Amino acid sequence: PTSVLKMKHLQSIWMPNNNITSLTSEITQLTELTSLNISYNQITEFPAIILTGVTSLNTLMMDWNQVTSIPSWIETLTNLGYLSLAGNQITELPASITNLQTLTYLNVGWNELTSLPSNLWNLNQLTSLYISVNQLTLLPDSIGNITTLETLYFSNNQITSIPSTFSNLTNLRSLNIWNNNLSALPEFVANYTQLKGLYAPNNNISSLPSGIGNLVLLQSLNLSANQLSTLPASIVNLHALWVLELQVNSWLWALSEQFN
């Protein structure tokens with residue numbers, strides 16, 4: 001009800017699952033609003049109305065709507081730290097999105113992206129990036145310059161290789177590359193010594209970094225449905241490992257001999 005929007009000191013509004021198609025202009029009266037969740041509705045256009053008065057937004061969740069594009073003016077939301085637009089029909093990210101210097105969390109998974117802006121490195125405060133379930137075939141080198149990243153998910157795309165610049169991402173805690181077309185994990189992955197979760201099933205991986213045993217904090221490792229026939233000797237150094245998934249690999253009998 002629009003009467004709620006007369007509560008001018010509201011700081012957070014959650015309105016998922018309400019069949020909302022657009023935002024009323026009264027929302028511009030909420031000049032102290034910092035968090036807005038309008039996920040799981042029927043919104044087809046990015047609500048320009050938030051430009052008029054809701055510029056204090058820190059968190060915007062608009063997942064699972066029917067939005068097809070992000071306007072270039074999104075860069076004017078200079079306080080935005082958390083932006084989640086998963087499950088829409090977005091085909092392109094505007095270059096201006098990289099001007100959101102305070103952004104720490106970005107989720108554009110489950111969309112129709114075929115490429116990403118080349119200047120993503122501008123998001124130098126980003127700690128979490130979710131770009132899973134799109135139509136990406138390449139990852140921009142610039143992601144490797146976002147050294148603040150702790151969580152990176154690009155599962156369910158068509159990626160064939162990981163750029164060498166990703167060697168800089170030594171703060172990663174969780175890496176999900178599930179269901180791509182990767183044939184190997186780069187050697188530099190062994191330098192991700194803060195990693196606790198590595199998820200790489202459903203690829204074509206036939207070899208692992210020889211130094212994988214350096215990942216001493218790793219708790220979960222999923223390499224199922226690949227082409228592995230041997231494991232690096234250093235894997236026995238993963239003393240923190242709780243879960244190891246190796247099912248549906250080639251020559252699995254050869255793997256079993258390494259544990260005897």
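Counting begins at 1 with the first residue of the sequence. Owing to the predicted nature of the structure, the values given are computational and were not obtained by experimental measurement.
Annotation for M62 and S39: closest pair N-OG, 3.7 Å, computed over non-hydrogen atoms. When all heavy atoms are compared, the tightest approach of T91 to L113 is C-CD2, 3.5 Å. The shortest heavy-atom contact between N180 and N157 is OD1-C, 3.0 Å. Shortest non-hydrogen contact noted between T148 and N124 is CG2-O, 3.4 Å.
When the side-chain hydrogen bond (donor to acceptor under 3.5 Å, both in side chains) test is applied to Q42, the partners found at least two apart in sequence or on another chain are Q66. In this view, N119 and T98 satisfy the side-chain hydrogen bond (donor to acceptor under 3.5 Å, both in side chains) rule, not counting sequence neighbours. Listed by chain and residue number, nothing satisfies the side-chain hydrogen bond (donor to acceptor under 3.5 Å, both in side chains) test with N58 (two or more places apart in sequence, or in another chain). Scored by the side-chain hydrogen bond (donor to acceptor under 3.5 Å, both in side chains) test, S161 finds no partners at all (sequence neighbours excluded). In this structure, the side-chain contact (heavy atoms from CB on, under 4.5 Å) partners of S220, at least two apart in sequence or on a different chain, are Y199, V243.
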Worked check of side-chain contact (heavy atoms from CB on, under 4.5 Å) between T137 and N181: CA-CA 9 Å; T137 57; N181 296 316; over 6 Å; no
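N134 and N111 are not linked by any side-chain donor-acceptor pair at a separation below 3.5 angstrom, with hydrogens and angles left out of the test. In the model, S84 has a side-chain atom that pairs as donor or acceptor with a side-chain atom of D63 under 3.5 Å. The closest side-chain donor-acceptor pair between T59 and S35, if any, does not fall under 3.5 angstrom.
Of the candidates Y105, Y130, W178, Y130 is the only one forming a ring-ring contact (aromatic ring centres under 6.0 Å, His included) with Y153.
Cluster note: W64 groups with Y40, W110, V133 through ILVMFWY side-chain heavy atoms spaced under 4.5 Å, whether in direct contact or through intervening members.
Although no hydrogens or angles enter the test, the distance criterion places no donor-acceptor pair under 3.5 Å between the side chain of N191 and the main chain of V189. At least one donor-acceptor pair under 3.5 Å links the side chain of N203 to the backbone N or O of P201. Here the side chain of S234 pairs a donor or acceptor atom with the backbone of S210 at under 3.5 angstrom.
Criterion: ILVMFWY side-chain heavy atoms under 4.5 Å apart, direct or through other members. Under it, L106 and W121 are not part of a common hydrophobic cluster. Note: the hydrophobic cluster containing L33 does not contain W14 (ILVMFWY, side chain heavy atoms under 4.5 Å, direct or indirect links).
For the atom pair CG (L172) and CG (L198), the distance works out to 10.0 Å, reported to the nearest 0.5 Å.
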